[in-house]
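Protein chains get the first letters and strands the later ones, always in sequence-line order, with residue 1 at the start of each.
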Amino acid sequence: MWTFLVGCGVIALGGLLALVFFKHEKAAKISATVLTVAGSALVAMPVIETALGADTEFIRLAWTLPLGEFHLGLDRLSAFFALPILLLSPLCAIYGIGYLAHRKGGGGHYFFLNTLVVSMLLLLCAKNAILFLIVWEVMAISSFFLVVFDDHLPSVRQAGWTYMIATHIGVMALLAFFSILGHHAGSFDFQAMLAGGELSSSMRLVLFLLAVVGFGSKAGIFPLHIWLPEAHPAAPSHVSALMSGVMIKMGIYGLMRSLSFLGEFEATFGWILLALGVAAGVVGIVSALSSHDIKRMLAYSSVENIGIICIGLGTGILGSAWHNPQVTALGFGGALLHVLNHSMFKGLLFLTVGAVVHETDTKEMHHMGGLLKKMPFTAVLFFAGAMAASALPPFNGFVSEFLIYFSGIKSAMTKDVSSILLAAVLLTSLALIGGLALAAFTKVGGMVFLGEPRTALKKTPHDPGWTMKFPLLLLGIFALGTGIASPLLLPLVSDAQTVLTGDAASLMALDSDILPSLINISYVSGAFLVAFVILAFFYRILTGRKKCEVARSPVWDCGYAKPAVSMQYTPSSFSAPLVLLFKPLVHIRWALQKPEGYFPKSGRFETKIEDRVKEAFYAPLFRLIAKTLLLFRFLQHGHVHIYVIYVAVTLIALLLFTAGN
Amino acid sequence: MMLWLLICIPFAAGALSYFITANRVRRTLWFLAAATHLFLSFMLAFQSDVDTVKDSWLAMDALSRIFLPLTSLLFTAATLYAIGSFENSHGGKSDTAANESVPRLQPESVFTGCMLVFLASMTTVILSHRLGLQWVAIEATTLASTPLIYYHQGTRSLEAAWKYILLCSVGIAVALLGIFSLALAAGGVTSELTVESLVTHATRLDPRWLKLVFIFILVGYGSKMGLAPLHTWLPDAHSEAPSAVSALLSGALLNCAFVGILRVLQILNAAGMGDFGQHILIFFGLFSMGIAAIFILRQPDYKRLLAYSSVEHMGIIILGTGLAQGGMFGSLLHAVNHSFVKAMLFMTAGNILAVYATKRIDGVRALKQTAPVVAVLWFGGFLAITGSPPFGTFLSEFSILQEAVRQERFVTAGLYLFFLLLVFIGMAATFSRMTFGAPQSEQPAKKLHPWSLVPPAFLGIAALMMGVFIPEQLDALLHSAAELITRGAL
Amino acid sequence: MINTISILLALSSLFLFGSSRIRISIRVVIAQGFLLGIAFLLHNEEHLNSSTWTIAISSMLLKGIVLPWLLTFVLHRSRAKLEIEPYVGFGTSLFIGVLLLGFSTYVAWNLSLTSTVRAIPPALFSTALFLIFCGMFLIVTRKKAITQTIGYLVLENGVFATGLGIGHEFPFIVEMGVMLDIFVGVFLMGIMIFRIDKAFDHTDTHRFNTLLDEIAPEHNDSEDMESAQ
Amino acid sequence: MNANNVMMILSALLLSPLLFGVINRVKAMFAGRKGSPLLQTYFDIAKLMKKGMVYGNTTSLMFQLGPVFVLVSVLLALLMVPFGPIAAPLSFQGDFILLAYLLGVSRFFTVLSALDTGSAFEGMGASREVQFAAMGEPTFMLGALLLAIHTGEMSLSGMVREIQFDVLSPATAAVVLLVAAWMMLLLTENSRIPVDDPNTHLELTMIHEVMVLDTGGPLMGIVTYASGIKLWIFSALIANLLVPTLSAGASAQAGIFVGIVLLIAVAVGVIESIMGRVRLRQIPKVLVGTTALVATALIMTLAG
């Protein structure tokens with residue numbers, strides 16, 4: 001545990017050094033990165049030990065804060081969530097060196113980056129609500145500053161603002177959550193909360209809802225997700241990777257941790273989470289499909305994945321409420337594994353997309369195309385990430401979804417009506433989400449990397465330097481490796497989920513079927529690679545024959561032999577039919593300028609995708625509140641004699657109140 | 001005797017400085033007086049022996065031990081800052097343009113004199129154990145600060161000063177009625193209107209009169225403290241005054257009025273009538289927060305924004321007071337935190353005014369590029385004032401929430417959080433708009449005098465400190481003061 | 001005797017409600033100052049000593065001579081019209097005045113019936129409350145800064161009237177301090193009326209409303225975003 | 001893996017192109033023509049393999065490797081399909097999920113290699129492909145769930161082993177509904193009428209064919225073979241529901257199974273002959289309808 005703290009200290013020191021060296025960009029970045037890597041390595045030791053089964057360690061230090069205590073503890077759940085942080089943070093820091101090579105302000109940026117990492121690590125270990133809230137907010141603030149790095153752009157400022165408000169709404173809910181829980185437990189210590197007295201059923205529901213709002217606003221649980229599609233495109237790509245990969249997972253961690261305080265689970269909680277998860281999954285992926293800002297698309301995909309995680313959590317809770325430990329363990333386990341997997345492939349995707357944005361200077365898919373020929377390395381890794389994100393084997397995304405599917409089918413095996421309902425909802429929605437995800441990611445991959453460039457770029461794009469390549473490669477290997485070697489990951493998940501239920505039984509002990517299934521899946525995944533290599537080799541031989549002439553010609557365009565770049569299918573047209581099916585979920589704004597006359601000079605068609613939840617719910621709500629409040633603005637009218645009336649009226653009212661008492 | 005020294009030194013220095021024409025000499029005197037006051041108040045406040053610092057007029061108890069050093073610290077910071085900002089405004093003429101039709105400034109000597117007298121009267125308010133004397137001192141703070149508000153001599157500051165003096169005088173007259181009523185209620189029980197003797201005989205005081213007393217005092221000092229709807233003068237005065245004065249008005253003066261209310265509350269609690277006050281205080285607290293939220297939303301003037309934020313925080317403090325027990329501790333802690341942060345913010349606002357020469361929010365863009373240090377202070381101040389951890393305000397606001405939940409006042413807790421959120425949203429828009437962005441035009445980079453930056457930076461660090469480490473002595477003091485108020489005596 | 005004075009005080013305030021000339025109003029305030037001084041002496045008949053005398057005389061000096069003189073001085077020097085410009089007509093004012101008197105009497109009697117405190121005669125207390133409300137009412141309904149100052153003085157008189165009953169229990173220094181404060185307060189107000197007169201060419205406070213909170217344009221509009229670019 | 005399922009795998013690999021021949025022959029018979037030989041697809045593939053390659057100017061490596069991936073994924077998917085009473089070579093709990101997602105992989109690469117040409121036609125086809133596939137996905141999953149609940153087994157082979165035909169039970173009715181729904185799925189996934197017309201000559205209305213418009217030579221051979229296997233997989237899945245439990249020997253059972261698969265191909269041919277194409281915009285509705293069909297079956301099982 002002390003190693004953990006020392007590691008955090010090293011990372012924090014890196015941040016401070018970056019601040020000290022703010023005048024020397026390069027020194028700042030490198031010192032911060034080196035210390036991040038070193039610190040992560042230090043932290044990794046106790047984390048891996050604990051994740052593999054070492055006992056929980058605690059540190060308590062005296063701290064004169066009202067209600068607060070410096071109490072840290074590293075248990076299985078914390079250790080599990082720490083893994084993606086330790087993987088992604090150093091990689092993002094390294095990536096940042098190349099990504100921000102020609103930018104000013106790296107010192108401050110790295111300061112906040114390291115602060116974010118440290119705060120996340122401490123968050124996972126905080127065993128006192130006050131400490132938890134403090135690091136929670138430090139995390140929020142530092143990530144806010146990371147988001148507004150390009151603050152000269154109005155859209156970035158807008159995004160920062162949205163993020164800040166969303167976060168703060170969450171914090172308010174958390175304040176309420178912890179104060180109620182602390183009141184019931186009589187202490188703000190997590191262990192006291194865990195052991196805290198019996199809560200009434202309605203109070204548990206209130207607490208659960210507060211936790212969902214509080215942590216959900218960070219995790220981007222539908223309908224609190226609206227900051228994600230704003231903030232992720234605004235932030236520099238390695239920050240998006242870190243935020244989407246690990247920071248939003250802190251919301252999931254918080255939710256899981258707080259679930260453990262609520263005592264016995266009720267089926268209502270499960271249904272709520274399941275419904276939110278399904279909604280998030282479908283809305284998220286449809287919005288991703290409709291977006292043509294490449295980073296916005298990835299952000300929506302994160303919303304979708306958080307939805308999948310919620311589906312897993314909901315299933316776990318339902319399993320627990322129905323006293324079906326297998327389903328519980330599978331649901332929670334699947335959700336946890338998806339947390340880990342999502343952090344890898346989403347980190348990978350954001351970083352590859354970052355390289356694309358870095359080279360092309362645009363985030364608009366309509367302007368891209370044909371990058372595979374210019375940036376083969378990036379492209380290959382992007383496709384790897386895209387496959388993982390579409391939950392396709394042999395990548396890791398499939399494995400965690402498999403666990404969640406498995407939990408649903410397992411629950412249906414009881415042939416209980418509500419279990420079957422759960423399974424039906426789960427399978428239908430996951431299948432639909434999977435199909436849509438495939439559509440969304442083939443769209444991005446196809447439109448960005450395949451075909452021909454749709455607009456002329458200022459410079460010729462090429463693969464980035466090694467500081468940016470290395471993280472991509474490593475994450476790609478991890479995404480594939482954890483996909484193939486999933487049986488090895490199972491023990492991690494299998495134990496981490498016990499923290500939620502408080503039961504000692506691990507997933508593998510409860511369910512003997514899952515391990516063989518995973519082993520079979522990893523055989524198939526391995527076979528996939530081997531078979532591909534063999535077949536590709538045959539294909540090579542086949543086309544390499546002397547007899548086989550290889551020629552190039554224009555593609556078929558109905559006999560029109562001069563195809564132009566602008567004739568390519570556009571991202572919007574690719575997704576339009578599917579998106580129109582889900583019209584109520586996204587709002588597409590059209591702006592059409594028809595070509596006129598026989599020889600039209602110009603024509604223009606533009607679509608803008610708006611978030612339906614934001615447009616139909618938040619914007620009117622905020623407007624209504626503002627309007628109502630502003631109605632009372634007349635109170636301060638500047639007439640001093642009327643102000644005296646206020647005094648008199650207050651006095652008289654109070655006198656009457658006293659007389660009445 | 002030492003206590004009288006605390007009052008006399010600034011008073012004498014103030015009187016003296018009125019006649020000194022040489023800037024350098026006067027400023028030195030000013031600073032020396034402030035520093036001496038600071039030294040003495042810290043020395044006395046942290047002296048363990050209580051009895052040595054007490055006579056029939058003035059006394060030092062847990063409450064004054066908190067607020068006296070605080071006030072003194074703020075004053076010293078404001079002194080340095082004021083000197084720095086004088087340099088700022090003499091350096092370039094742009095500052096005067098800030099205040100539209102400002103032909104001239106009042107002589108600096110009047111300013112200095114009034115500042116020091118202001119300090120003397122605030123010290124008296126905090127130390128005084130006779131409620132009559134306290135009233136006199138509170139009224140004196142109004143009188144001493146009116147010329148300070150009018151320092152710029154523009155029509156707007158004139159209007160602000162007029163509203164200030166009129167509304168505060170009316171309010172304070174009601175407070176005097178309260179003091180008289182208290183004397184009436186105490187008639188035949190005790191002839192001494194000291195807090196101590198009133199507390200001792202509290203149970204024998206007539207409860208109906210005591211209620212009346214509390215209401216009069218609350219309306220009277222409440223209008224000085226800026227509780228809605230008695231706050232109407234506050235945004236005008238705080239925004240039109242020079243920033244060093246605004247910092248003191250918000251950071252120190254509001255606390256003095258709060259101390260005035262606390263003294264009466266102490267008697268009320270000693271008489272076992274705390275319940276009566278609670279409802280009223282909670283109502284005032286929430287109402288002030290709500291009103292402040294209304295005006296913070298889409299507020300076009302950043303100094304007024306800060307002023308309304310003071311109304312909000314006074315609401316929080318009074319709410320905590322109304323919740324008693326844990327809430328009392330929270331509200332005292334919050335008073336301390338708020339003083340640091342708000343003074344810092346007003347000083348920073350003064351710096352922004354010096355750079356941009358406008359108080360309108362749309363006139364200020366891209367602080368981050370134009371004045372990085374100011375931007376850090378400004379945005380840090382925003383985080384602190386909205387109660388974000390790791391700043392101290394978070395802890396105090398959370399303690400108050402916790403107490404509301406503990407008493408199962410869920411509606412109060414809910415409204416409290418809702419208003420905090422509204423204020424946050426309103427302020428976030430403004431502060432991020434000012435701090436970030438691309439510079440609109442070629443702002444002439446104005447060099448700010450370091451003395452106008454060091455005091456707010458120091459206060460900011462203090463506010464941060466309060467969030468991660470509260471000195472044990474202070475913690476103990478806050479606890480005993482809270483107990484003093486809620487139980488009447490230790 | 002005290003009751004007579006109370007009634008006189010109440011009547012004089014009602015008179016203020018109906019009076020349309022500033023100078024007459026000032027004279028009424030002078031009368032109130034002397035009445036209060038006498039009432040103070042009468043109330044403390046048994047405790048007459050040097051300090052009570054000093055308080056009484058200085059109060060009469062302050063309220064009956066110094067402050068009215070100050071107001072008259074200001075009135076002459078400023079270019080204000082000598083008529084009172086009310087928001088509420090004199091008739092209505094009188095009617096409201098009677099209502100306020102009723103309310104004050106209700107509160108005072110209500111309190112004295114149930115209270116053990118007998119130091120202050122109910123009549124005097126009701127008058128005191130009435131004067132306070134009168135003062136506020138005058139401030140609220142009269143347009144000129146100077147009439148508002150007069151209102152403030154009436155209010156102070158009301159407070160002072162309450163204090164009559166406790167003169168001997170209140171330390172001398174505090175009493176003097178209170179008076180000093182009032183003096184300085186009114187003095188400052190006088191100075192400011194001068195300034196107002198100079199700066200605005202009028203002393204009508206109803207035109208004194210430049211300090212307002214406008215509503216800033218919406219901060220996070222997309223249109224706004226584009227215009228910022 | 002034993003001799004039986006090696007044999008079955010080999011028969012699938014060998015017989016899958018035959019399905020196209022059967023369909024075409026049936027269609028020809030309905031049209032009153034003689035039609036192409038039953039083995040026409042084998043001839044086509046053999047001929048294509050011998051040809052040279054022409055790549056589009058815009059294409060990259062993805063265009064060439066995509067079909068290889070497609071073939072790999074359908075081959076692996078085939079491993080999990082049981083052959084009536086003879087279990088699949090690879091069978092584990094939840095294998096149908098892997099099956100569905102392996103087919104997803106094949107779709108992923110089909111679509112990407114189509115998009116690699118940069119042609120508007122291919123883009124259009126790809127867009128339709130992902131659309132209809134996404135809408136069809138729940139039908140498969142819900143169907144598998146229905147079977148799992150019905151049989152209490154979580155692997156395809158287990159389900160097929162346990163499935164019982166009892167004419168009077170509501171469960172049988174549910175299976176009939178499921179067969180209907182999966183038949184629709186087969187038509188969709190394999191781009192048959194009424195969803196797609198493989199024999200049309202208008203690029204604008206195609207789905208699968210338009211995606212491989214620029215594919216030729218050995219590459220086209222691979223694509224054709226892969227679609228044959230895909231058709232086999234779907235036909236075999238449906239055949240599994242219909243295969244009667246007989247106490248016959250393994251080879252007889254295998255014969256019956258293959259016969260049913262071929263019958264399904266005949267059925268496809270019949271459907272193609274007697275039905276017209278549904279308008280493209282109506283297809284999602286049809287697919288939602290099939291999902292509803294399975295859902296109804298599920299509810300029937302519960303009620304029963």
Mind ranking B:S432, B:P471, B:A428 by heavy-atom pairs under 4.5 Å with chain A and telling me who comes out on top?
B:A428
From CA spacing to verdict: side chain to side chain contact (heavy atoms under 4.5 Å, CB included), B:L421, A:I165
CA-CA 9 Å; B:L421 181 65; A:I165 302 299; 5.7 Å; no
Closest-packed option against chain A by number of heavy-atom pairs under 4.5 Å, given B:F436, B:F283, B:F394, B:F214
B:F436
What do the steps show when you test A:L654 against B:F284 for side chain to side chain contact (heavy atoms under 4.5 Å, CB included), and what is the final call?
CA-CA 11 Å; A:L654 285 178; B:F284 268 106; 3.8 Å; yes
Would you please test A:L651 and B:F216 for side chain to side chain contact (heavy atoms under 4.5 Å, CB included) and show each step?
CA-CA 7 Å; A:L651 188 58; B:F216 287 141; 3.7 Å; yes
Quick check on the interface: out of B:D236, B:V170, B:L422, B:V468, who has the most heavy-atom pairs with chain A under 4.5 Å?
B:V468
Taking all non-hydrogen atoms of both residues, which atom of B:T232 and which atom of A:Q636 are closest, and how far apart?
O-NE2, 2.9 Å
Between B:F398 and A:F178, does the ring centroid distance fall short of 6.0 Å?
no
Any B:Y416 side-chain heavy atom under 4.5 Å of A:L175 side chain
no
Could you please spell out the steps behind the side chain to side chain contact (heavy atoms under 4.5 Å, CB included) verdict for A:M164 and B:L383?
CA-CA 11 Å; A:M164 203 175 217; B:L383 292 174; 4.2 Å; yes
For the pair A:H168 and B:F424, name the ring-plane relationship: parallel under 30°, tilted 30 to 60°, perpendicular over 60°.
parallel
Just wondering, do A:W161 and B:I425 contact through their side chains at under 4.5 Å, heavy atoms?
yes
Is B:R298 close to A:L629 at the side-chain level, that is, under 4.5 Å between some pair of heavy atoms?
no
Using every non-hydrogen atom in the two residues, find where B:A438 and A:R157 come nearest and quote the distance to one decimal.
N-NH1, 3.8 Å
